[in-house]
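All remarks here apply to the structure that follows.
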Amino acid sequence: MSFYSRGKTIMPQTIAFIGLGNMGLPMAKNLLGAGYRVFGFDLSAGALAAFSEASGKPFTDVGDAVREADVVITMLPSGAIVKGVYEGDDGVFANAKKGALLIDSSTIDVDTARAVATAAAEKGFEMVDAPVSGGVGGAAAGTLAFMVGGTAEAFERATPVLEPMAGKIVHCGQSGNGQAAKVCNNMLLAISMIGVSEAFNLGRALGLDDQVFFDVASNASGQCWSLTSYCPVPGPVATSPANNDYKPGFATALMLKDLRLAMQAVQSSGANTPMGEKAAEIYTAMDNAGHGGVDFSGVLKHLAGKL
Ligand code: NAD
């Protein structure tokens with residue numbers, strides 16, 4: 001696709017997208033849909049083939065994918081992989097063109113995000129961390145919430161690139177603050193879901209009807225998102241996974257990944273988070289019992305000894 005403006009044809013910006021998995025592929029498709037030229041790389045031949053079918057241009061290594069790109073976006077599983085993709089001999093830093101904007105949307109630990117952003121700055125690149133919430137559904141619909149860490153200038157450059165994939169884009173401050181916002185939010189979510197589940201389990205043990213307790217708490221000081229938008233008992237909230245046999249939604253294994261990142265941040269920052277630590281312990285036990293694929297609201301059944 002190209003645009004015609006004042007008598008000359010302007011090629012749209014070229015974006016290199018590294019990591020075309022469950023999240024990356026639909027995100028890249030939304031960029032293609034917005035008129036960007038998108039080059040892609042993934043270790044998986046299947047992911048590259050699906051990207052190619054969607055009219056993306058596939059490459060067989062990182063270096064070739066990023067060489068001509070104005071913007072590089074990564075959507076990868078872990079901090080170690082992100083570090084390798086940026087800093088490796090055939091990586092982004094060694095091959096991206098001068099002035100390219102680098103955006104890491106993977107969910108990784110704050111320390112690695114800051115270390116990679118510092119290395120990027122030393123090489124003369126602007127970089128933001130831009131992790132997302134919204135899951136695979138949000139990635140497909142282009143309604144992800146982006147939490148962005150980096151300078152005001154880098155945030156301004158990143159915003160129009162993120163827009164076709166986003167419902168909301170928030171500048172959270174310096175490098176690493178996007179990841180910080182993501183892990184703090186998800187630690188809070190884990191704690192609140194466990195709290196709501198414990199309250200329902202105690203209510204049941206005392207003979208209290210689920211709907212009656214929901215009607216009381218959702219209009220009282222116990223009100224929160226885990227109760228009113230994602231209620232862990234079947235019935236009160238039609239769209240919650242509890243009404244669909246606890247199919248994700250947001251799988252326990254993914255919640256646990258984020259909780260482990262939160263606990264890493266606790267270790268390196270020295271913050272006092274006893275409830276977060278307990279939540280990580282509970283979700284670890286649920287995952288160890290073989291329920292990593294169950295929605296995280298299934299913790300209600302796990303706590304009741306029924307899962
Ligand atoms: P995924 O496993 O489906 O995709 C990751 C992709 O990265 C895979 O296709 C894999 O082949 C590729 N990859 C791995 N190492 C690579 C390398 N060295 N070079 C190139 N490609 C490589 O995972 P996902 O669900 O798409 O998640 C991606 C990131 O988004 C993770 O950090 C995850 O925590 C985060 N996230 C996921 C969700 C979700 O609901 N799935 C929600 C929010 C955030």
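For ligands, and for the atoms within them, numbers begin at 1 and follow the listed sequence. Here the structure is a predicted model, which means the values were calculated and not measured. As a basis for the values below, the full set of heavy atoms in this structure was taken, side chains included, without hydrogen atoms, waters or symmetry mates.
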_Sub-4.0 Å protein heavy atom next to atom 23 (O) of ligand 1_ =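 Protein heavy atoms within 4.0 Å of atom 23 (O) of ligand 1 - there are none.
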*asked:* Tell me whether atom 2 (O) of ligand 1 lies less than 4.0 Å from at least one protein heavy-atom position.
replied: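 There is no protein heavy atom less than 4.0 Å from atom 2 (O) of ligand 1.
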*salt bridge (charged side-chain N to carboxylate O under 4.0 Å, His left out) contacts in which one or both residues fall within residues 205-221, not counting sequence neighbours*: R204-D210
Please state which protein non-hydrogen atom is closest to [atom] and give its distance, to 0.1 Å?
| atom | value |
| --- | --- |
| atom 6 (C) of ligand 1 | D42 OD2, 3.6 Å |
| atom 4 (O) of ligand 1 | G21 CA, 3.3 Å |
| atom 26 (O) of ligand 1 | M23 N, 2.8 Å |

Sub-4.0 Å atoms of ligand 1 with respect to non-hydrogen atoms of [X]:
| X | result |
| --- | --- |
| K182 | 43 (C), 44 (C) |
| L254 | 39 (C), 40 (O), 41 (N) |
| G135 | 40 (O), 42 (C) |
| F41 | 19 (N), 20 (C) |
| M75 | 29 (C), 30 (O) |
| L76 | 7 (O), 13 (N), 16 (C), 20 (C), 21 (N), 22 (C), 29 (C), 31 (C), 32 (O) |
| K257 | 31 (C), 32 (O), 33 (C), 34 (O) |
| S106 | 32 (O) |

*Option with minimal heavy-atom separation from atom 17 (C) of ligand 1, where the choices are I108, D61, L43*: L43
*May I ask which of V62, I81, T107, L25 has a heavy atom nearer to atom 35 (C) of ligand 1 than the others do?*
T107
Keeping [X] on the side-chain end and [Y] on the backbone end, is there a donor-acceptor pair under 3.5 Å?
| X | Y | value |
| --- | --- | --- |
| Y283 | F296 | yes |
| K257 | P77 | yes |
| Y246 | P232 | yes |
| D129 | Q179 | yes |

*Heteroatom proximity flag, N22 to ligand 1, N/O under 3.5 Å*: yes
_Qualifying side chain to side chain donor-acceptor pair (under 3.5 Å) pairs, either residue in residues 109-126, two or more places apart_ = D109-T112, D111-S268, R114-N177, E126-R157
*For atom CD of Q211, is the number of surrounding heavy atoms from other residues, nucleotides or ligands below 6.0 Å larger than 12?*
yes
*Heavy-atom pair with the smallest gap, counting every atom of G150 and V128*: CA-CG1, 4.2 Å
*Of the non-hydrogen atoms in L102 and F125, which two are nearest, and what is the gap between them?*
CD1-CB, 3.6 Å
_Tell me the contacting part of P77 for ligand 1: side chain, backbone, both, or neither, using a 4.0 Å heavy-atom threshold, strictly below._
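Answer for P77: both.
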_Contact between E198 and L202 at the side-chain level, heavy atoms closer than 4.5 Å - yes or no?_
no
*Apply side chain to side chain donor-acceptor pair (under 3.5 Å) to Y230 and D295, showing your working.*
CA-CA 11 Å; Y230 212 88; D295 187 78; 2.7 Å; yes
